[in-house]
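Scroll down for the structure; my scribbles are underneath it.
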Amino acid sequence: MEIFHISAECYPMAKVGGLADVVGALPKYQTNAGHEVRVIVPCYNTKFRNENDFESVHQGTITLGNFKFPFNVLKETTDKLGYELYLIEINELFDRSNVYGYEDDIERFFSFQIAALDWISTRNKVPNVINCHDHHTGLIPFLLQYAYKYESIKNVKTVITIHNGLYQGWFGFDKLQYLPEFDLVHVGFLEWGNSLNSLAVGVKCAHAVTTVSPSYLNEINISANGLESLFNMVRSKSRGILNGIDIEVWDPSKDIMIAQNYAIETLENGKQKNKEKLCEQFELDPSKPLFSFIGRLFEEKGGDLLPQASALALSENFDNINILILGSGNSAIEEQLIRLRNDYNGNYNVFIGYNEELAHLIYAGSDFILMPSRVEPCGLNQMYALRYGTIPIVRRTGGLQDTVIDFGDNGNGICHDQASVGDICYSINRAVKLYDDKIHLNKIRNTGMKTDHSWERVCQEYIEIYTLIIEKNEV
Ligand code: ADP
């Protein structure tokens with residue numbers, strides 16, 4: 001079947017978080033399974049855009065109220081990604097280095113969705129399925145069915161995959177004028193709670209809704225930033241599918257971003273070499289267990305707990321552990337984390353920013369990865385950690401609950417229930433004891449490295465949903 005994925009992010013073209021990893025990997029495995037898969041993302045000014053070759057395959061102009069934006073559809077010309085990548089080039093809106101965070105984000109992602117559908121509707125082939133991802137593409141299931149200009153593709157089936165339901169793309173009624181003309185009888189689909197809400201539109205209008213883990217599907221029926229009752233209403237067309245990981249990009253035996261490659265048999269030595277490199281870079285002691293955090297420094301990730309938890313764990317275990325943090329986000333959290341360097345020099349360090357290469361080295365060189373998340377729709381870090389023989393320390397929530405089992409229950413990691421400083425420190429203390437029991441430690445590491453989280457297994461679940469909505473119009 002012909003499948004389009006339309007998304008704001010796709011690794012390696014543009015990455016902010018897990019959304020990019022999923023949209024950069026799932027299509028590759030769907031292609032390998034024999035499908036024609038095409039990915040559409042905005043043409044940001046990124047390294048990948050500037051270092052690769054593209055050809056123009058379509059040109060058009062979209063109208064947004066009184067504004068007109070010419071656009072170009074660019075196709076990546078090599079086969080190296082394993083699927084066809086298309087960029088929507090609208091220079092005025094996307095020729096910027098960041099993916100999100102601009103005042104005109106609503107206009108940017110409206111334009112992106114309209115340009116993508118304009119192009120798809122002019123092709124002489126009608127796709128079988130469009131898989132939308134998060135609120136940036138939430139209008140597509142609505143526009144396809146009700147905007148007059150998309151009559152030729154109105155029967156295309158749509159799926160919306162929710163990677164993070166906290167962000168919903170709210171917009172005011174004044175922005176309605178930006179949408180292509182549609183039958184006003186259907187305007188109610190756009191509304192949620194006296195506002196217009198892109199994610200709610202997608203959830204209402206798509207033929208199927210997927211979340212990135214089964215536990216997250218249960219959670220959003222209870223807590224979803226105002227959309228709980230909507231998720232309850234659409235439960236029968238919803239499925240939770242645990243994300244996979246790209247085992248070619250994330251492979252300690254081949255990863256070119258780490259200091260030394262290793263496999264299960266060479267884990268201990270390989271991890272130590274990577275740890276030495278990290279510790280040299282961050283002035284830490286490679287003879288001590290290394291606890292790391294990688295991620296966005298926000299409350300949803302438990303980022304606000306990190307400064308206090310780090311300080312407490314370091315004072316309790318002084319001279320016994322290292323803590324290293326890589327991330328960016330809330331500036332108050334960033335500042336607190338930077339200040340901690342003064343008190344725990346030699347045992348603690350932080351890198352504020354985004355650094356893909358460093359992230360790989362941290363997965364390889366750390367002993368434990370901290371994930372004290374309040375909300376974690378799936379979480380990829382724990383799966384990367386397991387693959388690199390690094391033990392995840394997680395709060396039981398969302399996808400973390402679906403992938404990490406406490407070692408006390410013969411599992412692969414360390415789990416706690418509360419997003420609290422106390423629970424994090426308690427888990428760190430358990431980890432310190434485990435670190436000294438090398439036989440047990442290596443057994444858990446080996447189990448983690450053997451776990452199969454590849455997309456091969458998971459991608460079939462998406463295909464099954466596509467097939468059901470194509471054949472039966474329901475899941
Ligand atoms: P999110 O909610 O941010 O999408 P996920 O766990 O699903 O969380 O995915 C996070 C992805 O982003 C992982 O690939 C992780 O390694 C990466 N990542 C997050 N922050 C950083 C950072 N500061 N530098 C490098 N990679 C990062």
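We count ligands from 1, going down the list as the structure has it; atoms in each ligand are counted the same way. Positions are given from 1, in the same order as the sequence printed here.
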Is there any protein N/O under 3.5 Å from an N/O of ligand 1, and what does the full list of such pairs look like?
residue, atom, partner, partner atom, Å
ligand 1, 2 (O), R296, NH2, 2.9
ligand 1, 2 (O), K301, NZ, 2.8
ligand 1, 3 (O), R296, NE, 2.8
ligand 1, 4 (O), G18, N, 2.6
ligand 1, 6 (O), L380, N, 2.9
ligand 1, 6 (O), N381, OD1, 3.1
ligand 1, 8 (O), K301, NZ, 3.0
ligand 1, 9 (O), G18, N, 3.1
ligand 1, 14 (O), K15, NZ, 2.8
ligand 1, 14 (O), D21, OD2, 2.7
ligand 1, 16 (O), Y363, OH, 2.8
ligand 1, 23 (N), G353, O, 2.8
ligand 1, 24 (N), N355, N, 3.0

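Across all their heavy atoms, S213 and D402 have their closest contact at CB-OD2, 3.4 Å.
Exactly one residue among I294, V394, T397, I424 makes a side-chain contact (heavy atoms from CB on, under 4.5 Å) with M371. That residue is V394. Checked against V201 for a side-chain contact (heavy atoms from CB on, under 4.5 Å), the options I160, I140, L143, L139 give a single hit: L139.
Residue pairs meeting the salt bridge (charged side-chain N to carboxylate O under 4.0 Å, His left out) criterion with at least one partner in residues 440-451, sequence neighbours excluded, are D367-R445.
With respect to D417 and R395, no salt bridge is recorded, no charged nitrogen being found less than 4.0 Å from a carboxylate O.
A distance of 6.0 Å or more separates the ring centres of Y167 and H136.
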